[in-house]
2 protein chains.
Amino acid sequence: MRMSTKAQYAVRAMVNLNLHSGGSPVSLRDISLRESISLTYLEQLFVKLRRGKLVKSVRGPGGGYLLARPARDIQVDEIIDSVEESLVPVACMDQKHGCLCDDQCVTHNVWHGLGERIRQFLSSITLADLTEEAQRKIKQVNS
Amino acid sequence: MRMSTKAQYAVRAMVNLNLHSGGSPVSLRDISLRESISLTYLEQLFVKLRRGKLVKSVRGPGGGYLLARPARDIQVDEIIDSVEESLVPVACMDQKHGCLCDDQCVTHNVWHGLGERIRQFLSSITLADLTEEAQRKIKQVNS
DNA sequence: AGCATACCCGAGTAAAATTGTCAATTATTT
DNA sequence: AAATAATTGACAATTTTACTCGGGTATGCT
Ligand code: FES
Ligand code: FES
């Protein structure tokens, strides 16, 4: 039951993006340096984040990425969904119609319920929440 | 964010064990046939379940495994713990003192909170709950 | 135009984790 | 003694993860 580092990186990168963007695009190079994530790996992640409509890209010099919507409207579960990490704990529930065995598997309800809790918790946290928390932590360190 | 099949098998096997034991030991061979899990793999799992004090073994002919305590006192999270699947979503929190970076990582609280929800949910379900559910499902099918 | 920046994209790859199997042994009952 | 069934450690196949590489394309600047 591990969250992949891909998902962890994606969340960190999004917080960092939001934290350092004053309305202008932030380049992956900057995020890469600040978060110590390889540039080429970040590129891979941001392609998916863009396809998930969480960020917009600006090409050319001075370009980079922008949030596609206000941070308050971006939930952590959406970030993880975008990088294609499933939040459902068992494979059989990944198909779009859910798993077929409602009344066969004894453990169906366990995994289904667990998946719902995970989704519920991660959707209750927004990128704005995390960014504010990060700002508070930075202040503490500097004081 | 997947529950390993090892953990899934362990839960299924425990339910099956409880379901078919009328106080007498159940052999892994029986469970293997009923649940279509390879015998040798089951052996591996039950060594861990025994070490986790969830089952007792009885050797020799007519032997097998018994629950070490009443099903009502065995929680799903204990089964998963026994087969050594971590319920904490990130590696840094696995050490016994938890992760060190309380006030460094921005995402610390996300993973910590998530881990707590998972634990909470899985500890709220007992083996007795699942066994009763299984019995209901069997009746439905037969009627 | 030419150059530098920075996103875009698919393929490939090495390491790690997962998911098992196999062979040999020990304990117990009949 | 013979059959049953747990016990153990080593080992092998497969899959997933966590990346890198090599080339593209769009844009702005001089
Ligand atoms: S097939 Fe999905 S829980 Fe049974
Ligand atoms: S080191 Fe564990 S969340 Fe930061």
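Quick note on labels: first sequence line is chain A, next is B, and so on, each numbered from 1. Treat the numbers as computed from the prediction; the structure is a model and nothing was measured.
Contact annotation: B/S27 does not reach the phosphate of D/dT4 (side-chain N/O to OP1 or OP2, under 4.0 Å).
Between the OH atom of A/Y65 and the C1' atom of C/dT5 there is a distance of 14 Å, given to the nearest Å. For the pair B/R59 CZ and D/dA3 P, the computed distance is 19 Å after rounding to whole Å. Going from atom OH of A/Y9 over to atom C1' of D/dT17 covers 11 Å, rounded to whole Å. For the pair A/L45 CG and C/dC7 P, the interatomic distance rounds to 13 Å; values are reported in whole Å. When the P atom of D/dT7 is taken as reference, atom CZ of B/R29 falls 18 Å away, rounded to whole Å. Following rounding to the nearest Å, B/M1 (CE) and C/dA17 (C1') show an atom-to-atom distance of 17 Å. Between the CZ atom of B/F46 and the C1' atom of D/dT8 there is a distance of 17 Å, given to the nearest Å. As rounded to whole Å, 14 Å separates atom P of D/dT4 from atom CG of B/L39.
Among D/dA18, D/dT27, C/dC7, the nucleotide with an atom closest to any side-chain atom of A/E43 is C/dC7. Relative to the side chain of A/T5, the nucleotides D/dA5, D/dC19, D/dT7 differ in distance, and D/dC19 lies closest. In this structure, the nucleotide among C/dG20, D/dA18, C/dC9 sitting nearest to the side chain of A/Y41 is D/dA18. For A/T40, the listed nucleotide lying nearest its side chain is D/dC21; candidates were D/dC19, D/dC21, D/dA6. Nearest to the side-chain atoms of B/S57 among the listed nucleotides D/dA6, D/dA18, D/dT20 stands D/dA6. For B/R50, the listed nucleotide lying nearest its side chain is D/dT8; candidates were C/dT28, C/dC9, D/dT8.
Across B/S82 and B/L49, no two heavy atoms sit closer than the pair CB-CD2, 3.9 Å. The heavy-atom pair separating A/V26 from A/H20 by the smallest distance is CG2-O, 3.8 Å. Here the closest heavy-atom approach between residue B/T126 and residue B/A71 is recorded as CB-O, 3.8 Å. Pairing each heavy atom of A/G63 with each of A/P25, the nearest pair is C-CB, 3.7 Å.
The residue among A/Q44 and B/S4 whose nearest nucleotide of DNA chain C lies closer to the 5′ end is A/Q44. Each of A/G60 and A/A7 was matched to the nucleotide of DNA chain D holding its nearest heavy atom; the match closer to the 5' end belongs to A/A7.
Partner B/E78 forms a salt bridge (Lys or Arg N to Asp or Glu O under 4.0 Å) with one of B/R119, B/R69, B/K53 and no other, that one being B/R69.
If you check every strand for non-hydrogen atoms under 4.0 Å, B/R51 touches sugar and phosphate atoms only.
Residue B/E85 places no side-chain atom within donor-acceptor reach of the base of C/dT18, judged by atom type and a 3.5 Å distance cut-off alone.
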